[in-house]
Amino acid sequence: QVQLVESGGGLVQPGGSLRLSCVASGKTLDYYATGWFRQAPGKEREGISYIKSSDGVTYYADSVKGRFTISRDNAKNTVYLQMNSLKPEDTAVYYCATLQRPVGGSWLDSRGYRSWGQGTQVTVSS
């Protein structure tokens, strides 16, 4: 089992930036990818990005493409999500999770993710 801890959330003005961190401990080599999800009040959880464990290939949902960047530091067992040009609609609780097995060919289907962090709140408001 992998334990995940997110940090880096907070309050930021529209157009601002934040960098989220996800530190993993435990069986850190035992999953396909690390993904970032978010959930806004009254909305379903949305998968926004992942980075593959094997080769570092990344993927972004259209809602964040061009603004967010996922990266990793293997020595620190940490995955980052750099978020730029933030918008009020980016307000949500952000979670990182580890992919046990893709579901239906999707690497961002939350049903394939087994270990989840506790989440970090991101609020974009003036």
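Note: hydrogens, waters and symmetry copies are ignored here, and every other heavy atom, side chains too, is used.
Between the side chain of Q118 and the backbone N or O of E6, at least one donor-acceptor pair lies under 3.5 Å. For D109 (side chain) and S106 (main-chain N/O), no donor-acceptor pair under 3.5 Å exists by modelled atom type. Of the possible donor and acceptor atoms, one in the side chain of T120 sits under 3.5 Å from a partner among the backbone N and O of G9. Between the side chain of S115 and the backbone N or O of T98 there is no donor-acceptor pair closer than 3.5 Å.
Checking Q13 against S125 by side-chain atom types alone, no donor-acceptor pair falls below 3.5 Å.
Side chains of R38 and D90 form a contact here, defined as non-hydrogen atoms less than 4.5 Å apart. Looking at S53 and Y31, their side chains come closer than 4.5 Å, going by heavy atoms from C-beta outward. Residues V79 and I70 are in side-chain contact: their nearest non-hydrogen atoms beyond the backbone lie under 4.5 Å apart. Using a 4.5 Å heavy-atom threshold, the side chains of W107 and Y32 count as touching. Side-chain contact between R114 and Q1: present, with at least one pair of heavy atoms (C-beta onward) separated by less than 4.5 Å. With a 4.5 Å cut-off on side-chain heavy atoms, L18 and V122 count as touching. Counting only heavy atoms from C-beta outward, the side chains of Q121 and T123 approach each other to under 4.5 Å. Annotation: side chain of Y50 is in contact with side chain of L108 (closest heavy-atom distance under 4.5 Å).
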Exercise. Do S63 and E46 pass the side-chain hydrogen bond (donor to acceptor under 3.5 Å, both in side chains) test, and can you show the C-alpha distance, the side-chain angles, and the key distance before you say yes or no?
Worked result: CA-CA 10 Å; S63 58; E46 175 191 15; 2.8 Å; yes

Exercise. Given Y80 and R19, is the side-chain hydrogen bond (donor to acceptor under 3.5 Å, both in side chains) satisfied, shown in steps?
Worked result: CA-CA 7 Å; Y80 303 99; R19 188 178 78 158; 4.6 Å; no

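In this structure R45 satisfies the side-chain contact (heavy atoms from CB on, under 4.5 Å) test together with F37, Q39, Y95, W116, sequence neighbours excluded. Judged as a salt bridge (charged side-chain N to carboxylate O under 4.0 Å, His left out), and not counting sequence neighbours, K52 has no contacts. Residues satisfying the salt bridge (charged side-chain N to carboxylate O under 4.0 Å, His left out) criterion with D73, sequence neighbours excluded, are absent altogether.
Atom CD of E44 sits in a sparse spot, with 12 or fewer heavy atoms from other residues, nucleotides or ligands closer than 6.0 Å. By the 6.0 Å contact criterion, NZ on K76 is open, its count of non-hydrogen atoms from other residues, nucleotides or ligands being 12 or less.
Note on L86: it clusters hydrophobically with Y60, by side-chain heavy-atom contacts below 4.5 Å among ILVMFWY residues. V64 and Y94 fall within a single hydrophobic cluster, where Ile, Leu, Val, Met, Phe, Trp and Tyr side chains are chained together by heavy-atom contacts under 4.5 Å.
Within the model, atoms CG of L99 and OG1 of T34 stand 9.0 Å from one another, a figure rounded to the nearest 0.5 Å. The CD1 atom of I48 sits 7.5 Å away from atom CE of M83, with the distance rounded to the nearest 0.5 Å. Taken to the nearest 0.5 Å, the CG atom of L20 stands 4.5 Å off from the CH2 atom of W36. In this structure, CZ in R67 is found 7.0 Å from OG in S85, a value given to the nearest 0.5 Å. For the atom pair OG (S17) and CD (Q82), the distance works out to 5.5 Å, reported to the nearest 0.5 Å.
Nearest approach of P14 to S126, heavy atoms of both residues: CD-N, 3.7 Å. When all heavy atoms are compared, the tightest approach of I51 to G56 is CG1-O, 3.6 Å.
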